[in-house]
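Report on the following structure.
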Amino acid sequence: MPELPEVETVCRGLDKVYQGQTITKVEYRRPNLRLPLPPQLPKLAAGKKIEKIYRRAKYALLDIQGGNTILLHLGMSGRLVFGKGERHLDKHDHVLVHFKNAPTLIFNDPRRFGVLDVCKTTKIADHALLKNMGPEPLEKDFTAAYLYAATRGKKGPIKPFIMTNAVVVGVGNIYAAESLFKAGIKPTRASGSLTKTECSKLVKAIQEVLKAAIKAGGSSIRDYVQTDGTVGYFHSQFMVYGRKGAACKICGSTIKEIVQAGRSGCYCPKCQK
DNA sequence: CCTTGAACCTGCGGGC
DNA sequence: TGCCCGCAGGTTCAAG
């Protein structure tokens, strides 16, 4: 489930629970996820308080005492769950963070596309995983003028383009499809063919879709963090994603599916030009 | 330079 | 019931 709205929601929820809490121990149950787990982290984190938890792109960032920041990426299947006692550990519970006076935080990730790393807080923007990231979609530097300039001369299709982190972060497969529907733009359009007006519509659509999803996610953070996250609370809001063959909620046309850059996506052939 | 495709993993649902 | 196949919210790297 981890797209930007989920990560944002998780960060807000975690911050409430863990800000000011003292880590007693970081425990690895395997040596790596997508990348090796940082061997220095358990020593760096033991006895340190968490100062704050926030988000950049799809990374959760945890500032800890001593000037270090933990980077956490949930990949495709990562979840953060509260510990219920070690007897209930799942085979995909890879990292456990124990606290002096708060529930154990467990990083569970069956597919192991997730990432955990640590670096100096002052160097966070230069971290290899973050340094080439484009603007945040909900910040003021992500504008129609920016997107228009970025798309000039680009021949590739717009959907994979807006999913590129160097262009804008946090727009995953679901919200790319939903945003393009909302903006009335066909996912196969050459990026460079978008007019200024269309860029403006697309920026607005991305922002509105993400904000709405964050709002919906906010109501499900408890389920998401405390249980196994099985809920599909936002599915009912999807206009196109996962709706291949179904009727468009606006015009009734049959929703079509296409594969672009290895990712399948849906669109309405009538509403999207 | 740009774009596409494969690779990294496990689990689940559908078809037979 | 069970096996095989395709597919899944992300990112990176190599090849064309």
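All chains are named by letter (A, B, ...) in the order of the sequence lines, taking the proteins before the strands, and each is independently numbered beginning at 1. Since this is a predicted model, take the numbers as computed values, not measurements.
Linking Ile, Leu, Val, Met, Phe, Trp and Tyr whenever their side-chain heavy atoms come within less than 4.5 Å puts A/L180 and A/V167 in one cluster.
Counting heavy-atom neighbours within 6.0 Å of A/K249 NZ, excluding the residue itself, gives a total above 12. Annotation: A/K48, atom NZ; neighbour count of heavy atoms from other residues, nucleotides and ligands within 6.0 Å is above 12. Around NZ of A/K49, the count of heavy atoms belonging to other residues, nucleotides or ligands within 6.0 Å does not exceed 12.
Classification of A/E198 and A/R189 as a salt-bridged pair holds, one side-chain N sitting under 4.0 Å from a carboxylate O. Salt bridge annotation for A/E3-A/K58: absent, with no cationic side-chain nitrogen under 4.0 angstrom from a carboxylate oxygen. Salt-bridge formation is detected for the pair A/R12/A/E8: a Lys NZ or Arg NE/NH1/NH2 atom is positioned less than 4.0 Å from an Asp or Glu carboxylate oxygen. A/R55 has a carboxylate O that lies under 4.0 Å from a charged side-chain N of A/E136, or vice versa, which qualifies the two as a salt bridge.
For the contact set between residues 126-139 of chain A and DNA chain B, defined by any heavy atom under 4.0 Å, there are no members. Of all the residues in residues 183-192 of chain A, not one reaches under 4.0 Å from DNA chain B with any non-hydrogen atom.
In this entry the distance linking CE of A/M163 with C1' of C/dA8 reads 12 Å, nearest Å. Rounded to an integer number of Å, the gap from A/L35 CG to C/dC13 C1' is 13 Å. Separating the CD atom of A/E3 from the C1' atom of C/dA8 is a distance of 12 Å, rounded to the nearest angstrom. Rounding to whole angstrom units, CZ of residue A/F113 and P of C/dT11 are separated by 12 Å. A/Y175 places its OH atom 12 Å from the P atom of C/dG9, with the value rounded to the nearest Å. With rounding to whole Å, A/R79 atom CZ is found 15 Å from C/dG9 atom P. Going from atom CG of A/L4 over to atom C1' of C/dT11 covers 16 Å, rounded to whole Å. C/dG6 atom C1' lies 12 Å from atom CD of A/E257, rounded to whole Å.
B/dC9 sits 24 Å from C/dC3 when the P atoms are compared, rounded to a whole Å. C/dC7 and B/dG5 have their P atoms separated by 14 Å, given to the nearest Å. Annotation: C/dG6 and B/dA6 have their P atoms spaced 13 Å apart (nearest Å).
Along DNA chain B, the stretch of nucleotides lying under 4.0 Å from any heavy atom of chain A spans, 5' to 3', B/dC2 to B/dG11.
Evaluation of the ring pair (Phe, Tyr, Trp, His ring centres under 6.0 Å) test over residues 42-73 of chain A, restricted to residues two or more places apart or in two chains, returns A/Y59-A/H73.
A/G262 comes within 4.0 angstrom of nothing in the nucleic acid, heavy atoms only. Among the atoms of the strands shown, none is found under 4.0 Å from any heavy atom of A/D109.
For the pair A/N165 and C/dT11, the criterion of a side-chain N or O lying under 4.0 Å from OP1 or OP2 is met. Between A/S77 and C/dG10 there is no side-chain polar atom (N or O) within less than 4.0 angstrom of OP1 or OP2. Residue A/R111 has no polar side-chain atom (N or O) positioned under 4.0 Å from OP1 or OP2 of C/dA8.
Secondary structure note: stems in DNA chain C built from 3 or more consecutive Watson-Crick or G-U wobble pairs under 3.5 Å occupy B:2-8 with C:10-16, B:10-16 with C:2-8.
A/L35 places none of its side-chain heavy atoms less than 4.5 Å from the side chain of A/L116. Residues A/V97 and A/F107 fail the side-chain proximity criterion, which asks for heavy atoms closer than 4.5 Å.
In terms of position on DNA chain B, the residue among A/K155 and A/P110 whose nearest nucleotide sits closer to the 5' end is A/K155.
Remark: A/R152 qualifies as a cation-pi partner of A/Y148 under the 6.0 Å distance and 45° angle criteria applied to the six-membered ring.
Taking A/K201 as the reference, nothing meets the salt bridge (charged side-chain N to carboxylate O under 4.0 Å, His left out) condition, with sequence neighbours excluded.
Distance alone, capped at 3.5 Å, places no donor-acceptor pair between the A/R263 side chain and the A/V259 backbone.
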Exercise for the section: Take A/F99 and A/Y18, measure what ring pair (Phe, Tyr, Trp, His ring centres under 6.0 Å) needs, and give me the verdict at the end. Expected result: CA-CA 9 Å; A/F99 289 87; A/Y18 291 107; 4.4 Å; yes

